[in-house]
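In each ligand, atom 1 is the first atom listed, and ligand 1 is the first ligand listed. Residue numbers run from 1 in the order of the sequence given. Remember, it's a predicted structure, so these values are computed and weren't measured experimentally.
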Amino acid sequence: MTGNSAVTTWVDECVKLCKPDKVHWCDGSDAERDMLTKMLLDRGEFQRLNEANWPNCYLYRSDPTDVARTEKVTYICSEKESDAGPTNNYLSPAQAQTDILPRYAGAMKGRTMYVIPYVMGPLGSPYSKVGFQLTDSAYVVLNMFIMARVGKRALDQLGSSADFVKGLHSIGELLPETRAICHFPERNEIWSFGSGYGGNALLGKKCHALRIASAQARREGWLAEHMLILGLENPEGKVYYIAAAFPSACGKTNLAMVIPPAALKGWRTWTVGDDIAWMRYGKDGRLYAINPEAGFFGVAPGTSAKTNLNALKTASANSIFTNVGVDENQNVWWEGLGPAPAKLTDWKGNPWTPDSPEKAAHPNSRFTTPASQCPSISPHWEDPEGVPISAILFGGRRASLVPLVVESTSWNNGVLIGASMGSEATAAATDTKAGTIRHDPMAMLPFCGYHMGDYFQHWIDMGKKVANPPKIYGVNWFRQDENGKFLWPGFGDNVRVLQWIIDRVEGKGEPSKPRLEICLANKT
Ligand code: GTP
Ligand code: SPV
Ligand code: MN
């Protein structure tokens, strides 16, 4: 409990509405985590993984109709429709009140309401934000324990302030037809109903740290972006930080913890964040970024010792695996991990063999894992002031046309590159057709909490704030030949592109010429 009356008044209102049997205030302790884990194991919702290979790791299968974000029922509920803009689904606050709120009435009968106080951003950072998520899903609580800094620490950070985000979440009956994710940017409020999955349900992530935060960032003069943050250290020991926006399932987690190829002697990378960056100008006129999250909610398929060893090592303990396959010895498996075991149980709980027509793991299956366990985690990943950004990348998944890398000629030209991004849809959202190209400006189409036109203006305004904003680049790791084979090796070799970008930042190297040659070789 807390003495903060702004918090308790709101929690009381939600309790009256949802009518839970019990209210549990999360303190974020190990004992609490163990208690919830045991409860899910006893209920059969969690399956313990092989203790030798995956210590303290669990498998969870979500409802098969609830496996990814649902953009069609994600709403921006600003006072004015014009503030939501043409790219967001709009519901007026009054309409949300009449259409959505009644779904919560008595929804938690027979259940416990968990109150999760959380901080997005490093503890004690002036740029961190406090939120509260009320939820009736213990699985969501355990994910939030990994993804955010939860419990007493958050109450301490908030003190008596009323500046916090209110998130009301109920899985309801997990019916797709009652599912709705509503955001009220003017009152820092989120209502999520009918889903227990990832970005729909872990409210600190997309709902708070992107949709609510982007609107707040515009009001306050900073940026909340769908970006990874990584440091690239050259052989002289100088570290350059890069922020990169790629749409969902287009390579952020991979680039954030990329291992340079052996040929690049003396180069190394440092991970700061893999999905979200909050950025603002420091007193020195440089753009500084913090990672608001404390964990990674990473795509499992395609993750292997060859493609992303650091992710595998990170997730090898104290992690939750959602919708992957599992073998008889309780080892997880997914497409791309390595040779398939002869026999598996698939993500739906059915028997599976390598001859089965279906995939063993859902294409959007995920691991939830503490960032602190990442072998490449930056010693500065929790610096309260953030890390200084030297370059910003915008990239998509494009089989044709878009070259490996282009350098913008100015900040505004870079904003144009970001704003005109297109990318092939992936399995990260259920209602988009995988493979079809959609316009996804700055990888923020599903996450911008306000009018996309105002968002572009805000980016342009941010460039006017300082004399030397970071250089902006467009990249594409996903060009294919006529047989559908990737033309660029990707993964570790992407560091070669970063190396060239760093040279350019230092005023060295040729403008895009070397890359142009690659494009020509690829029959641009
Ligand atoms: P979200 O968490 O949904 O925001 O996704 P993300 O951008 O972090 O995507 P992630 O790094 O998890 O990559 C998604 C998929 O793309 C995985 O299957 C990766 O194996 C694959 N991938 C990542 N980088 C590359 C690359 O350089 N080349 C190729 N061909 N595939 C890649
Ligand atoms: C994304 O879809 O961009 C993700 C996964 O990072 S989720 O948290 O489910 O939104
Ligand atoms: Mn994402």
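Relative orientation of the Trp278 and His208 rings is tilted, given thresholds of 30° and 60° on the angle between their planes. Note: Phe367 and Trp334 have tilted aromatic rings, judged against thresholds of 30 and 60 degrees for the angle between ring planes.
Remark: distances from the non-hydrogen atoms of Cys250 to ligand 1 include one below 4.0 Å. Under a 4.0 Å heavy-atom criterion, Arg366 is in contact with ligand 2. Taking a 4.0 Å cut-off on heavy atoms, Ala311 fails to register as neighbouring ligand 1. Heavy atoms of Thr307 stay at 4.0 angstrom or farther from ligand 1.
The distance from ligand 1 to the heavy atoms of Gly302 drops below 4.0 Å at these ligand atoms: 18 (O), 20 (O). The atoms of ligand 1 that sit less than 4.0 Å from any heavy atom of Arg397 are 15 (C), 16 (O). Listed by number with element, the atoms of ligand 1 under 4.0 angstrom from any heavy atom of Pro301 are 17 (C), 18 (O). Each of the atoms 7 (O) of ligand 1 lies under 4.0 Å from some heavy atom of Pro247. Near Thr253, the atoms of ligand 1 lying under 4.0 angstrom from a non-hydrogen atom of the residue are 6 (P), 8 (O), 11 (O), 12 (O). Of all the atoms in ligand 2, the ones that sit under 4.0 Å from a non-hydrogen atom of Gly199 are 7 (S), 8 (O), 9 (O), 10 (O). Near Val299, with a cut-off below 4.0 Å to any heavy atom, the atoms of ligand 1 are 12 (O). The distance from ligand 1 to the heavy atoms of His226 drops below 4.0 Å at these ligand atoms: 4 (O). Counting the atoms of ligand 1 from 1 in the order shown, those under 4.0 Å from a heavy atom of Ser248 are 1 (P), 3 (O), 4 (O), 5 (O).
Among protein heavy atoms, atom 28 (N) of ligand 1 sits closest to Phe491 CE1, 3.8 Å. Scanning the protein for heavy atoms near atom 5 (O) of ligand 1, the closest one is Ala249 N, 2.7 Å. Summary of contacts: the protein heavy atom closest to atom 6 (P) of ligand 1 is Lys252 N, 3.3 Å. Annotation: atom 2 (O) of ligand 1 to nearest protein heavy atom, Arg366 NH1, 2.8 Å. Looking only at protein heavy atoms, the nearest one to atom 1 (C) of ligand 2 is Ser248 OG, 3.1 Å. Looking at atom 19 (C) of ligand 1, its nearest protein heavy atom turns out to be Asn254 ND2, 3.5 Å. Protein heavy atom at the shortest distance from atom 9 (O) of ligand 1 is Gly251 N, 3.0 Å. In this structure, atom 4 (C) of ligand 2 lies nearest to the protein heavy atom Lys206 CE, 3.3 Å.
The part of Asp275 lying near ligand 1 is the side chain, judged by heavy-atom distances below 4.0 Å. When heavy-atom distances to ligand 2 are checked against a 4.0 Å cut-off, Phe447 comes that close only through its side chain, counted from C-beta outward. Contacts with ligand 1 closer than 4.0 Å are made by no heavy atom of Arg479, backbone or side chain.
Geometrically, ligand 2 and Lys205 share no nitrogen or oxygen pair separated by less than 3.5 Å. Close N/O approach between Arg69 and ligand 2 is found [any backbone or side-chain N/O within under 3.5 Å].
Defined by atom type and a distance below 3.5 Å, a donor-acceptor pair is missing between the side-chain atoms of His458 and Arg218.
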